[in-house]
Structures are given as structure tokens and as C-alpha cells.
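Atoms within each ligand, like the ligands themselves, are counted from 1 in listed order.
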Amino acid sequence: MARVFITGSSDGLGKMAAELLIEQGHSVVLHARNESRAKDAKKAVAQAEDVVVGDLSSIKQTRNVAEQVNRLGDFDAVIHNAGAGYREPERGDTEDGLPRVFAVNTIAPYVLTALIKRPKRLVYLSSGLHQQGDPSLRDLLWNDRAWQGQQAYSDTKLHDVLLAFAVARRWPDVLSNAVEPGWVATKMGGPNASDDLDQGHRTQAWLAVSEDRAAQVTGEYFYHMRQRTPKAATRDSSLQEKFLSECGKISGVELEV
Ligand SMILES: NC(=O)c1ccc[n+]([C@@H]2O[C@H](COP(=O)([O-])OP(=O)(O)OC[C@H]3O[C@@H](n4cnc5c(N)ncnc54)[C@H](OP(=O)(O)O)[C@@H]3O)[C@@H](O)[C@H]2O)c1
């Protein structure tokens with residue numbers, strides 16, 4: 001039995017992955033943005049071990065989420081699943097002055113990775129849209145460009161792959177991989193999504209716990225339990241390091257070498 005922490009598990013793929021893992025006999029700690037959503041999550045996934053609370057658009061609250069997780073002890077796996085979508089109509093200044101999508105999708109997984117005691121496995125939710133992400137890392141905070149929600153989302157999903165691969169390289173004792181769940185009909189995906197919802201949550205759960213040899217790899221990108229080729233730039237270790245350095249400057253949190 002493994003112990004798994006899943007961010008953004010009050011709904012969508014995170015909640016579905018939690019249900020699947022519990023059904024398989026694993027212990028799952030959920031995460032919700034506030035007390036009200038935590039209540040909903042507890043009700044929906046009644047057999048979860050616990051629920052950690054914090055809004056990932058706030059660096060302060062994200063640090064607090066890491067503290068809550070560390071107080072619960074060791075985890076075998078952490079799934080960085082929480083995400084803000086590609087239809088954000090505006091930059092959405094957070095309390096830290098960041099675009100909301102960037103804060104939730106890029107900075108939060110970076111800060112949680114740096115501050116949660118290292119698990120054996122890390123899984124990061126990316127998207128096929130990462131292929132359209134901007135590898136120059138210019139204007140990460142959208143100060144100089146007119147806002148484009150889908151481009152901003154695609155950039156953050158590229159960041160998630162860079163983060164997964166950087167961690168895989170820096171921490172060889174941890175299995176760290178990225179996942180593309182497909183375009184599926186969750187709250188984020190919307191009703192017109194064309195991929196199979198029943199496949200959407202399985203890969204993240206499998207990478208977190210499976211004893212299959214295919215799941216025990218590191219620094220890879222998966223779609224429906226198979227490796228898929230990510231954007232070539234994600235393999236560039238100097239770009240990965242530049243990305244970590246930018247996240248360090250923005251968040252004030254360092255990722256251990
Ligand atoms: N659905 C797709 O087609 C698709 C495609 C590619 C990639 N993905 C990725 O898959 C992951 C899961 O997406 P999903 O489709 O399951 O989306 P979803 O149904 O919208 O669920 C997102 C989860 O993240 C939580 N969350 C969002 N902002 C948060 C914040 N500021 N603080 C704390 N929690 C927050 C949500 O909480 P609330 O329930 O309170 O809103 C919810 O639990 C995301 O990383 C997404 O980028 C999804």
C-alpha cells in the first residue's frame with residue numbers, strides 16, 4: 001500500500017485519481033483550495049485519509065500546504081495535479097503580483113516540490129498544449145505582452161514538463177515524470193472535450209504507485225500509460241536550470257540540488 005498526496009483533488013482528474021487509488025487499497029491525502037471545498041472533497045471521497053487546505057495562487061498559502069503535508073509524515077508519491085485553465089479571460093493579479101495561471105500551474109508545483117519532504121515518486125500534470133509553450137521563458141509574468149489565456153496556459157504546461165525533468169535530473173533517487181491526460185470533459189476541459197475521460201486520471205495514479213517496470217522510469221512524458229515525445233526544448237538541461245532559477249527568484253524558495 002502506498003501513501004499518496006494529490007493536489008487539486010476536490011474535483012476533476014485529481015478526485016478521480018484519488019478514488020481509483022483508494023479503490024486499489026492505497027492511502028490518499030486530498031487537497032482543496034479552502035475549507036468549504038475541503039468539506040466537499042471529504043464528502044465526495046469519504047475514505048481519504050485527510051484533506052490539506054490552501055489556495056495555490058498564494059505563495060504563502062502554498063508554503064502552508066507544504067507544512068501541513070510534512071506534518072502528516074512521509075509520502076510515497078505526490079501528484080501535482082491542481083491547475084487553472086486555458087480560458088482565463090485576464091491576467092488576474094494574485095496577492096504576489098503574479099498571473100493566476102502562472103501562480104497555480106508553475107509556481108505552486110515548484111514551491112511544493114521544494115518544500116515537501118522528498119517522496120519516492122513525483123508526477124506533474126502537463127498537457128498536449130505544452131507543445132505550444134514558449135521556451136524562451138521571456139516575460140514569464142506577462143508584464144510586457146497583451147494577455148492571451150491559451151498561450152499563458154500552454155507556457156505553464158511547458159513549465160510543468162521542465163520541472164518534472166529538472167527534478168528527475170537533480171534527484172536521481174526520485175522517479176519524476178510528466179503526464180498529458182488528454183482533452184477530457186472535466187470542469188476545466190468543458191463539455192466538448194473529445195478524449196476518453198475514463199483514461200484521463202489513470203496514468204497519474206499508475207505512475208504514482210505501480211510496480212510495473214514501465215511506470216518505474218524517470219524523466220519521461222506519458223499519455224495514456226505510454227511514453228510520448230515531449231517538446232524537444234524540455235530536454236535541454238540548461239533551459240531546465242534557467243527555469244528553476246527564475247522560479248527561485250519569483251518565489252523566494254530554492255530547490256535543493
Ligand atoms: N481536463 C483536460 O482536458 C486537461 C487537459 C490537459 C491537462 N489537464 C491538466 O490536468 C489537471 C487537472 O485538471 P482537471 O481537468 O481535473 O481540472 P478541474 O476539473 O478544473 O480540477 C482542477 C482542480 O484544481 C483545483 N484548483 C484550481 N485552482 C486552485 C487553487 N488556486 N488552489 C487550490 N486548488 C486549485 C480545483 O479546485 P476547485 O474544485 O475548488 O476548483 C480542482 O480540484 C490540471 O493540471 C490540468 O492542467 C487537463
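- Heavy-atom distances between Ala32 and ligand 1 stay at or above 4.0 Å for every pair.
- No heavy atom of Ala84 sits closer than 4.0 Å to any atom of ligand 1.
- In summary, of the residues considered (Lys117, Arg118, Lys120, Arg3), a side chain to side chain donor-acceptor pair (under 3.5 Å) with Asp74 occurs for Lys117 alone.
- Distances from ligand 1 to the non-hydrogen atoms of Ser57 include at least one value under 4.0 Å.
- Nearest protein heavy-atom contact of atom 34 (N) of ligand 1 is His31 CE1, 3.7 Å.
- Ser58 does not count as a contact of ligand 1, since none of its heavy atoms falls under 4.0 Å from the ligand.
- A heavy-atom separation below 4.0 Å is not found between Tyr86 and ligand 1.
- With ligand atoms numbered from 1 in the order given, ligand 1 contributes 30 (C), 31 (N), 32 (N) to contacts under 4.0 Å with heavy atoms of Asp55.
- Summarising the contacts of atom 9 (C) of ligand 1 with Ala82, Gly83, Ala17, Ser126, the nearest heavy atom is found in Ser126.
- Checking only distances, Ser127 never comes within under 3.5 Å of ligand 1, N or O to N or O.
- Here the CZ-OG distance, from Phe102 to Ser57, works out to 13.5 Å after rounding to the nearest 0.5 Å.
- Not a single heavy atom of Glu180 lies less than 4.0 angstrom from ligand 1.
- Of the residues listed (Lys231, Glu180, Arg235), the one engaging Tyr221 in a side chain to side chain donor-acceptor pair (under 3.5 Å) is Glu180, and it is the only one.
- For ligand 1, the polar-atom distance check against Gly14 finds no nitrogen or oxygen pair separated by under 3.5 Å.
- Under the 30°/60° scheme for interplanar angles, the aromatic rings of His80 and Tyr124 are found to lie parallel.
- Among protein heavy atoms, the minimum distance from atom 14 (P) of ligand 1 is reached at Thr186 OG1, 3.6 Å.
- Note on ligand 1: Gly182 sits in its first shell, one or more heavy atoms being nearer than 4.0 Å.
- Note that Arg145 lies in the cation-pi zone of Trp142, set by a 6.0 Å cut-off to the ring centre and a 45° limit from the axis.
- Of all atoms in ligand 1, numbered sequentially from 1 with element shown, those under 4.0 Å from a heavy atom of Leu13 are 10 (O), 16 (O).
- Within ligand 1, counting atoms from 1 as listed, the ones closer than 4.0 Å to a heavy atom of Lys187 are 19 (O), 20 (O), 38 (P), 39 (O), 41 (O).
- When all heavy atoms of Ala114 and Val253 are compared, the pair lying nearest together is CB-CG1, 3.6 Å.
- Following chains of ILVMFWY side-chain contacts shorter than 4.5 Å, one can reach Leu244 starting from Ile116, so the two form part of one hydrophobic cluster.
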